[in-house]
Each structure stands twice: as C-alpha cells, then as structure tokens.
There are 2 protein chains.
Amino acid sequence: MKPSVVTIEPSGHFCDDCAVRGAAVCSSLDAAELREFEHLGRRVHFDSGETVFSEEDITTSFYNVLEGVMRLYKLLPDGRRQIVGFALPGDFLGMNLSGRHNFSADAIGAVTVCQFAKAPFGRFIEDRPQLLRRINELAIRELSQARDHMVLLGRRSADEKVATFLLGWRERLVGRNGLSDTVPLPMSRQDIADYLGLTIETVSRTFTKLERHGVIEIIHGGISLLDPARAEALAAA
Amino acid sequence: MKPSVVTIEPSGHFCDDCAVRGAAVCSSLDAAELREFEHLGRRVHFDSGETVFSEEDITTSFYNVLEGVMRLYKLLPDGRRQIVGFALPGDFLGMNLSGRHNFSADAIGAVTVCQFAKAPFGRFIEDRPQLLRRINELAIRELSQARDHMVLLGRRSADEKVATFLLGWRERLVGRNGLSDTVPLPMSRQDIADYLGLTIETVSRTFTKLERHGVIEIIHGGISLLDPARAEALAAA
DNA sequence: ACTCAAATTTGATCTGAGTCAATTGGCTTT
DNA sequence: AAAGCCAATTGACTCAGATCAAATTTGAGT
C-alpha cells in the first residue's frame with residue numbers, strides 16, 4: 001500500500017523474450033501481428049504490496065501478467081475482504097462492461113505486467129477476431145473457475161477448502177517446473193483465509209492439523225505435499 | 001426429474017415474435033442475419049423439474065432461454081449442491097472450453113429455450129465478430145456477477161445473504177414489469193439455500209425474522225418488500 | 001371435500017469456525 | 001546480538017448457523 005512508484009520501460013521489441021508469449025492472449029497472434037502488437041504494450045513493474053488497479057477505478061488499461069503473483073479482491077464497506085482469485089503470468093486482466101474494474105489487484109511480491117492502453121488495444125482487437133476469440137476463451141475459463149470456487153465457498157468445510165486450495169495451487173504452478181510436491185505459497189495466511197472464506201486462525205490451525213496428520217510439511221515460504229493421495233481424498237470428500 | 005419429454009417445433013420464422021429478440025445474443029444481428037439465424041435454432045419446451053443438461057454431458061447445443069426460470073448448479077460427490085446462478089429469459093447457456101458443460105441446468109416451472117446445435121452455431125459465429133463480441137459481453141457480465149456472488153458466499157452473514165438475494169432477484173426481474181415491491185420467488189426454499197450457501201432452515205428462519213421486523217411480507221409464491229430501505233441497509237452492512 | 005406426500009416452518013440442541021487474547025518465530029535495523 | 005516488528009501459531013471461550021426432530025401448511029390427485 002506504499003505510493004505506487006512504477007517503472008515504465010520504453011516500448012520496443014520485447015515480445016521476443018517475453019516469458020508468456022505462448023500462453024497469454026498473444027498466443028493468438030502471428031509474427032507480423034505480434035510486431036505491431038508490442039508497440040501497444042509497455043512493461044510496468046510493481047513492488048510487493050503495490051496496488052495495480054482498484055475496484056472503482058475507471059478502466060484505462062488492460063494488463064497481461066508477465067512475472068509474479070497478484071491478489072484480486074473485493075472489499076465490503078466495513079472492510080471485510082474476499083479474494084476472488086490469484087493472477088499468475090499469462091493471465092489477462094481488465095475486461096469489463098461497466099468501464100470500471102470490478103475488483104482490485106495488488107502485487108504479491110514483485111510483479112511485472114504488460115500494460116495496454118484501453119483505446120488502442122480496443123482498436124487493435126477490432127479487426128482481429130482470433131484475438132477476440134482468445135479473450136473469450138480466457139473469460140470462459142475464468143467463469144468455470146469462478147463457479148468451482150463458489151462451490152468451495154458455499155458448500156465445503158475448512159479442511160476441504162484448505163486441501164482443495166493447496167492441490168489447486170500446485171496444479172496452477174505446473175507451468176513453472178512441472179508438478180512438484182514442494183508448493184511455494186507467496187501469499188500470506190490472511191490472503192489464503194480471504195480466498196477461502198475463513199479466518200487466518202482457522203487456516204493456521206488447519207495447516208497445523210494437516211502437518212500433524214502427515215499430509216503436508218510446513219516449510220519456509222510454502223508447504224511440501226507429503227501425502228498427495230490423502231490430500232486428494234480430503235479435497236474430494 | 002421426470003423423463004425428459006420435450007416438444008420440438010419445426011424450425012421456421014419464429015424470431016419475429018420472440019420475446020427476447022432484443023435482449024439476447026440475437027440483439028447483435030441485423031434483420032437479414034436474424035432470418036438466417038432462426039433456421040439454426042429450435043424452440044424446445046421443458047416441464048417443471050426437467051433437466052436441460054447435466055454437468056458432465058458432452059456439449060452438443062447452446063441454449064437461449066426464452067421463457068421461465070432455470071437453476072444452474074454443481075453437485076459434490078456426496079450430494080451437496082451449490083446453485084451457481086438462476087437463468088432467466090435472454091440468458092445464453094452452454095459456452096465452455098472443455099467440450100463439456102461444467103454445471104447442470106434444471107427447469108424451475110415450465111421453460112422454453114431456443115436450442116442451437118453446436119457445430120452450425122459455431123460456423124455461423126465464425127464470420128460474425130459482432131456476435132462473438134456480444135457473447136463475450138455476456139460472459140464478462142456473468143464473470144462480474146460470479147465475483148459478487150463469491151463475496152456473498154465467503155464473507156456475508158445469513159441475514160445479509162438473504163437480504164442481498166431478495167434485492168438482487170427483484171432487480172433482475174425489472175425487465176418483466178418494472179421495479180415492483182412484489183417479488184415472485186419461483187424457486188424453492190432449498191434452491192435459495194443452495195444458492196446462498198445456507199440450509200433450508202436458516203433461510204426459512206431468516207424470512208420469518210425479516211417478516212417479524214416488517215421488512216418483508218411472505219406471500220403466496222414470493223414476498224412483498226415492505227421496507228426496501230431497511231433491506232438495502234441489511235444487504236450493505 | 002378428503003388423502004397423502006412434499007414443502008415449509010418452528011423448536012431444541014450441537015458444533016465448526018469465529019473471536020479474543022497471548023505467545024512464538026522470523027526478519028530487519030541498529 | 002539485542003530490540004522491535006509483523007506474521008503466524010496456539011489456547012480458551014463463544015456463537016451463528018447446522019443438525020435433528022416435530023409440527024404445520026400447501027398442493028395434487030381422487
């Protein structure tokens with residue numbers, strides 16, 4: 001929540017070495033289009049805890065996450081927070097109908113995004129239906145994830161929520177270095193609680209319980225999944 | 001849950017008198033396109049309680065709701081149910097990436113849908129980016145609603161959930177006959193409970209409490225909103 | 001109107017997760 | 001290495017909403 005000091009690099013030919021070129025919205029563009037496209041985007045860096053955009057902000061940009069993790073959340077007037085998702089490299093943010101973002105986004109650790117001004121991006125899309133189709137795909141995938149998360153929030157116990165989260169997070173990180181039993185958790189316990197609709201104490205107690213039962217080991221900056229099968233069983237229940 | 005006896009009318013010029021022509025996906029089509037489009041769709045009728053499609057079904061069709069209300073839900077292996085939304089006339093269903101529906105849909109009362117076979121619909125979209133843009137709009141709107149619902153499920157009390165639901169449902173029915181304080185509730189208490197992440201008993205008790213406090217009156221087939229301001233206050237809290 | 005089944009309401013009790021309150025542990029700064 | 005700070009853990013207790021168990025009410029079919 002420090003003042004937002006961002007570093008804006010000059011636009012240029014940086015798609016070439018972009019880590020998410022194949023995964024992100026860009027995957028729908030051919031080489032020539034990509035060359036044109038890269039003039040629209042600028043790499044912007046955010047430090048840990050900085051807010052990339054806020055819920056009621058007028059949407060002026062779209063964002064493609066290049067590096068790092070972000071928390072996406074909504075606040076109630078009295079301060080209660082619900083994290084609606086975590087964004088990882090390759091995720092595309094900023095689509096909306098109202099002209100305002102309908103959630104806020106903070107950097108968890110250092111984050112780099114590819115930022116596109118709304119108007120030129122809109123014009124670029126105009127005559128490129130395959131890019132629109134790609135964006136639509138991403139929206140539909142998110143919608144499916146959102147529905148899964150509703151089931152978790154509305155109908156699962158604390159144990160099930162935590163087990164499901166750990167397995168789901170591990171799965172999302174597969175792109176990194178394959179499926180690993182060492183699962184880094186860059187977000188705080190409070191973030192996890194606000195994502196799962198629990199309190200920080202319940203999350204902590206559940207982690208401890210899972211460790212006592214030999215399902216996980218709590219390690220520095222994450223957990224190690226000792227018994228994936230048992231975790232799956234807990235999550236499915 | 002009776003066997004699915006559906007009535008399929010012959011395809012023909014029925015878009016002319018379609019109640020949702022202006023609201024649905026069709027709103028992005030001009031007169032000539034609409035004429036071509038109507039040959040793709042068939043009106044299909046479902047009786048109360050019938051299942052229109054199930055979660056793991058291979059997607060063979062898309063649906064445009066014409067009349068009635070549907071519940072959209074997901075089930076856990078042990079039978080717990082989360083309703084992820086209610087569909088009303090004008091809503092478009094069936095989009096997905098996996099090739100399977102990722103939720104189930106039942107008719108609540110009699111329902112009429114406009115059913116499109118997947119392949120011809122896909123071909124029709126192909127060279128009509130404005131229809132794709134319309135579908136994208138609908139997906140983004142749903143995504144926004146889904147996030148709001150996550151906040152409700154994860155962070156709101158039973159009283160807030162019920163008040164928010166009643167106001168939100170009233171709002172969704174504005175298209176019908178304007179904003180009315182008489183709010184029909186075609187779905188059962190169990191449906192409301194499964195939508196709000198509560199039990200049927202808690203929903204019933206909360207209705208009774210709201211009535212005791214003069215906020216609503218429970219009437220046949222719905223409620224009457226006596227004190228909208230107080231309901232708003234409860235929902236905002 | 002009469003019967004039966006299902007939906008809803010109401011009551012009594014229980015419990016999973018929340019709340020409140022210390023500790024403990026890990027970093028950072030000096 | 002001591003001090004200070006914030007995040008995480010642990011413990012004791014509470015409570016909102018779940019569960020269990022009856023009534024009621026509603027509705028469809030005869």
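Since we're looking at a predicted model, the values are computed, not measured. Proteins come first, then strands; the chains are lettered A, B, ... in the order of their sequence lines, and each starts at number 1.
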Would you confirm whether B:Asp78, through its side chain, and B:Arg80, through its main-chain N or O, come within 3.5 Å as a donor-acceptor pair?
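Yes; at least one donor-acceptor contact below 3.5 Å.
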
Check: A:Lys74 main-chain N/O paired with B:Arg147 side-chain donor or acceptor under 3.5 Å
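Not at all, since once roles are kept as given, no pair shorter than 3.5 Å links the two residues.
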
Stacked cation flag B:Arg172 on B:Phe86, 6.0 angstrom / 45 deg
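No, cation not above the ring by the 6.0 Å, 45° rule.
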
Any donor-acceptor pair under 3.5 Å joining the side chain of A:Arg205 to the base of D:dG11?
yes

May I ask you to evaluate whether B:Thr208 reaches the phosphate of C:dT10, defined as a side-chain N or O under 4.0 Å from OP1 or OP2?
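Affirmative; the distance criterion is met.
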
Short side-chain N/O contact from B:His220 to OP1 or OP2 of D:dG27, under 4.0 Å:
yes

Do the side chains of B:Tyr195 and B:His149 get nearer than 4.5 Å, heavy atoms only?
yes

I need the [atom1]-[atom2] distance between [X] and [N], as an integer number of Å.
X: B:Phe207; N: D:dT25; atom1: CZ; atom2: P; result: 19 Å
X: B:Leu210; N: C:dT9; atom1: CG; atom2: P; result: 12 Å
X: B:Leu152; N: D:dG17; atom1: CG; atom2: P; result: 12 Å
X: B:Leu153; N: C:dA17; atom1: CG; atom2: P; result: 16 Å
X: B:Ile218; N: C:dT9; atom1: CD1; atom2: C1'; result: 9 Å
X: B:Leu185; N: C:dT8; atom1: CG; atom2: P; result: 10 Å
X: B:Arg156; N: D:dG17; atom1: CZ; atom2: C1'; result: 17 Å
X: B:Glu201; N: C:dT10; atom1: CD; atom2: P; result: 13 Å

May I ask you to check whether over 12 heavy atoms, not counting those of A:Arg141, lie within 6.0 Å of atom CZ?
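No - once you tally the heavy atoms of other residues, nucleotides and ligands closer than 6.0 Å, there are 12 at most.
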
Does atom NZ (B:Lys118) have a neighbourhood of more than 12 heavy atoms from anything else shown, all under 6.0 Å?
yes

Is the closest side-chain donor-acceptor distance between A:Tyr73 and A:Asp191 under 3.5 Å?
no

Once you apply a heavy-atom cut-off of 4.0 Å, does A:Ser204 come out as touching a base, just sugar-phosphate, or nothing?
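Base contact.
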
Give me the residues of residues 186-200 of chain A where at least one heavy atom lies under 4.0 Å from an atom of DNA chain C, by number, or none.
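A:Gly197, A:Leu198, A:Thr199 - these, ordered by number, are the residues of the stretch whose heavy atoms sit under 4.0 Å from the strand.
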
